[in-house]
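This report refers to the structure that appears directly beneath it.
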Amino acid sequence: MTVVDSNVLAYLYLPSKHTPAAERLLDRDPVWAAPVLWRSEFRNILAGYLRRNSLTFEQALALQHEAEALLQGAEHEVDSASVLALARDSDCSAYDCEFVALAMKLGAKLVTMDTKLLRAFPKVAVSLTAG
């Protein structure tokens, strides 16, 4: 099992230079997990594509449903105390710390491209492109 942040999901579904790495990760470990927050973050990414007319509404909705299917049964609530403690002890947002808290709770790695998370939590966070 791998915890992925919302950007890794976006790389999987929205073509970018990191899409091949996201696809390789899914091939290596098809069991992805995320805090429930991922839904709002992913919707926000899709909203940006909608505003730039890079996706139609129907395409955005289909991608949201596809991502929801991928994470079905692997969305988790995280403990507020854990998230706040991680945010207190780092320079990372509480939003980002939700992903770290979940990875720690599950004993899994968090795959991300967020340099702030990679620096603050090197024992938990690993780069999507490292490997």
Those residues that, when tested against [X], pass side chain to side chain donor-acceptor pair (under 3.5 Å) (two or more places apart):
{"X": "Asp29", "answer": "Thr2"}
{"X": "Glu68", "answer": "Arg39, Gln64"}
{"X": "Ser82", "answer": "Asp79"}
{"X": "Ser40", "answer": "Arg43"}

May I ask you to check whether over 12 heavy atoms, not counting those of [X], lie within 6.0 Å of atom [atom1]?
{"X": "Met104", "atom1": "CE", "result": "no"}
{"X": "Asp27", "atom1": "CG", "result": "yes"}
{"X": "Glu23", "atom1": "CD", "result": "yes"}

Just grab all the ring-ring contact (aromatic ring centres under 6.0 Å, His included) pairs involving [range], residues at least two apart or on different chains.
{"range": "residues 24-49", "result": "Trp38-Phe42"}
{"range": "residues 8-30", "result": "Tyr11-His18"}
{"range": "residues 58-116", "result": "none"}

Provide the full list of side-chain hydrogen bond (donor to acceptor under 3.5 Å, both in side chains) pairs with a residue in residues 105-125, sequence neighbours left out, each pair given once.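 Sorted pair list: Asp5-Thr112.
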Look at the side-chain heavy atoms of Ile, Leu, Val, Met, Phe, Trp and Tyr, link any pair under 4.5 Å apart, and say whether Leu118 and Phe121 land in one connected group. no
Could you check Ile45 against Leu9 for side chain to side chain contact (heavy atoms under 4.5 Å, CB included), going step by step and ending with a plain yes or no? CA-CA 10 Å; Ile45 293 167; Leu9 283 162; over 6 Å; no
Side chain to side chain contact (heavy atoms under 4.5 Å, CB included) for Val3 and Val111? Distances and angles first, verdict last. CA-CA 6 Å; Val3 175; Val111 178; over 6 Å; no
